[in-house]
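Below you'll find the structure, written out as structure tokens, and then a few comments.
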Amino acid sequence: IVRDLINDTLLYQDSGVNSVAWNTNLESMLCYSHTNGGLSIRVGNLPPKNQQNMIGVVVGLCGSTAFCLRGNVMTNVALALSGTLWQFVEAGLYEDAYHVACLGVTSNDWDSLAHAALDALNLNVAEDAFVKNRNLQWLEFINDVKTRQKHGDLPKELLQADILAFRGKFKEAARLFQKCGQSNKAIAMYSDLKMFDKAQEFIKEDDDSDDKRELIKRKAEWACSVHE
């Protein structure tokens with residue numbers, strides 16, 4: 001049983017538990033061993049994921065390592081935190097997910113957390129997660145986005161389109177640019193990619209805009225460069 005000492009309210013409880021240990025590195029995390037064997041991890045108010053194999057009773061928890069006692073033998077058990085991490089991601093609690101990840105997860109977990117936070121437009125967590133993997137390409141992208149935000153409002157859907165384009169999902173990005181009323185960005189994107197036929201799809205036949213003239217100019221410049 002875990003209770004809030006300040007409000008004297010029941011937070012949660014479980015049965016068949018013979019020992020509990022709180023994490024010395026993350027005060028909201030605890031793990032407990034079961035009388036029938038196994039180890040469960042719990043963080044905050046989220047329910048525990050599947051039990052982890054363990055023999056004995058847990059007597060300590062530090063970071064991503066649990067200390068388990070069987071008889072007079074102490075063993076270290078590495079915790080699998082990926083499931084716990086994704087509980088927070090699925091709940092939209094990206095800061096908490098980051099704190100769990102800091103205890104010890106794989107490079108793939110860091111990358112997945114970064115992209116999940118980016119999809120949710122949580123740029124700070126995404127940036128911190130990309131730092132862990134030293135992903136300079138995405139860090140430069142986030143820095144550019146933050147700079148643009150400082151100079152004016154950057155609509156949510158426009159930012160999502162930029163993220164899709166940076167990931168190489170050009171078709172989805174173009175549709176979102178168009179939905180935002182920014183067809184010129186879709187044209188510019190496809191022009192940069194030398195996909196002029198795709199860019200042409202975003203220009204009406206009777207259009208006499210600067211976008212059409214710019215597209216014709218760039219198409220001609222590319223044609224000349226190819227024949228040189």
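No hydrogens, no waters, no symmetry mates; every other heavy atom, side chains included, goes into these values. Index from 1, following the sequence.
- Taken together through direct or relayed side-chain contacts under 4.5 Å among Ile, Leu, Val, Met, Phe, Trp and Tyr, Val17 and Ile55 form parts of separate hydrophobic clusters.
- Screening residues 52-69 for side-chain hydrogen bond (donor to acceptor under 3.5 Å, both in side chains), with sequence neighbours left out, gives no hits.
- The distance from the CG atom of Leu159 to the CG atom of Leu164 is 10.0 Å, given to the nearest 0.5 Å.
- Connection of Leu176 to Ile187 is not established within any shared hydrophobic cluster, with ILVMFWY side chains joined at heavy-atom distances below 4.5 Å, either directly or through further cluster members.
- The backbone N or O of Phe130 lies less than 3.5 Å from no partner atom in the side chain of Asn135, so there is not a single donor-acceptor pair.
- Partners of Asp119 under the salt bridge (charged side-chain N to carboxylate O under 4.0 Å, His left out) rule, at least two apart in sequence or in another chain, are Arg167.
- The closest side-chain heavy-atom distance from Thr84 to Leu46 is not below 4.5 Å.
- Contact detail for Ile41 and Ala80: the closest heavy-atom pair is CD1-O, 4.0 Å.
- Applying the side-chain hydrogen bond (donor to acceptor under 3.5 Å, both in side chains) test to every pair with at least one member in residues 87-96, sequence neighbours left out, gives these pairs: Glu95-Asn122.
- Partners of Tyr32 under the ring pair (Phe, Tyr, Trp, His ring centres under 6.0 Å) rule, at least two apart in sequence or in another chain, are His34.
- Among residues two or more places apart in sequence or in another chain, the side chain to side chain donor-acceptor pair (under 3.5 Å) test is passed with Asn143 by none.
- Judged as a ring pair (Phe, Tyr, Trp, His ring centres under 6.0 Å), and not counting sequence neighbours, Phe170 has no contacts.
- Heavy-atom minimum distance, Gly38 versus Gln51: CA-OE1, 3.7 Å.
- A pairwise comparison of heavy atoms in Pro47 and Arg42 identifies CA-CZ, 4.1 Å as the closest pair.
- Looking at Leu158, Leu121, Val145 one by one, the single match for side-chain contact (heavy atoms from CB on, under 4.5 Å) with Ile163 turns out to be Leu121.
- Shown here are the side chain to side chain contact (heavy atoms under 4.5 Å, CB included) partners of Ala186, two or more places apart in sequence or in another chain: Ala174, Phe177, Phe202.
- Residues Val89 and Leu26 are members of one and the same hydrophobic cluster, defined by side-chain heavy-atom contacts under 4.5 angstrom among Ile, Leu, Val, Met, Phe, Trp and Tyr.
- Counting only heavy atoms from C-beta outward, the side chains of Leu79 and Leu103 never approach each other to under 4.5 Å.
- Legend: residues meeting side chain to side chain donor-acceptor pair (under 3.5 Å) with Asn7, ordered by chain and number and at least two apart, are Asp4.
- Scanning all heavy atoms of the two residues, the minimum distance from Ala161 to Ala173 falls at O-CB, 3.4 Å.
- Cluster membership check: Trp86 shares its hydrophobic cluster with Val125, using side-chain heavy-atom separations under 4.5 Å among Ile, Leu, Val, Met, Phe, Trp and Tyr.
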Item to check | Verdict with supporting geometry, Thr35 and Asn18, side chain to side chain donor-acceptor pair (under 3.5 Å) | outcome: CA-CA 6 Å; Thr35 53; Asn18 58 15; 5.9 Å; no

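- In this structure a side-chain-to-backbone donor-acceptor pair under 3.5 Å is present from Ser33 to Val58.
- The shortest heavy-atom contact between Ala97 and Leu85 is O-CD1, 3.1 Å.
- Looking at residues two or more places apart in sequence or on another chain, you find a ring pair (Phe, Tyr, Trp, His ring centres under 6.0 Å) between Tyr98 and Trp110.
- The structure places NZ of Lys169 at 13.0 Å from CZ of Arg175, a figure rounded to the nearest 0.5 Å.
- When all heavy atoms of Lys171 and Tyr190 are compared, the closest pair comes out as CA-OH, 3.6 Å.
- One hydrophobic cluster holds both Leu118 and Leu136 under the rule that ILVMFWY side chains link at heavy-atom gaps under 4.5 Å.
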Next on the checklist: Checking Met29 against Leu81 for the side-chain contact (heavy atoms from CB on, under 4.5 Å) test, could you report, in this order, the C-alpha distance in whole Å, the side-chain angles of both residues, the deciding distance, and whether it holds?
Outcome noted: CA-CA 11 Å; Met29 174 184 283; Leu81 297 177; 4.0 Å; yes

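- Residue Arg70 qualifies as open at atom CZ: its count of foreign heavy atoms under 6.0 Å is 12 or below.
- For Thr106, the side chain to side chain contact (heavy atoms under 4.5 Å, CB included) criterion is met by Asn108, Asp109, not counting sequence neighbours.
- Its side chain within the 4.5 Å cluster rule, Leu69 clusters with Val57, Val59, Phe67, Met74 among the Ile, Leu, Val, Met, Phe, Trp and Tyr residues.
- Applying the side chain to side chain contact (heavy atoms under 4.5 Å, CB included) test to Lys146 and every residue at least two apart in sequence or in another chain returns Leu123, Asn124, Glu127, Ile142, Gln149.
- Looking at Asn133 and Trp138, their side chains never come closer than 4.5 Å, going by heavy atoms from C-beta outward.
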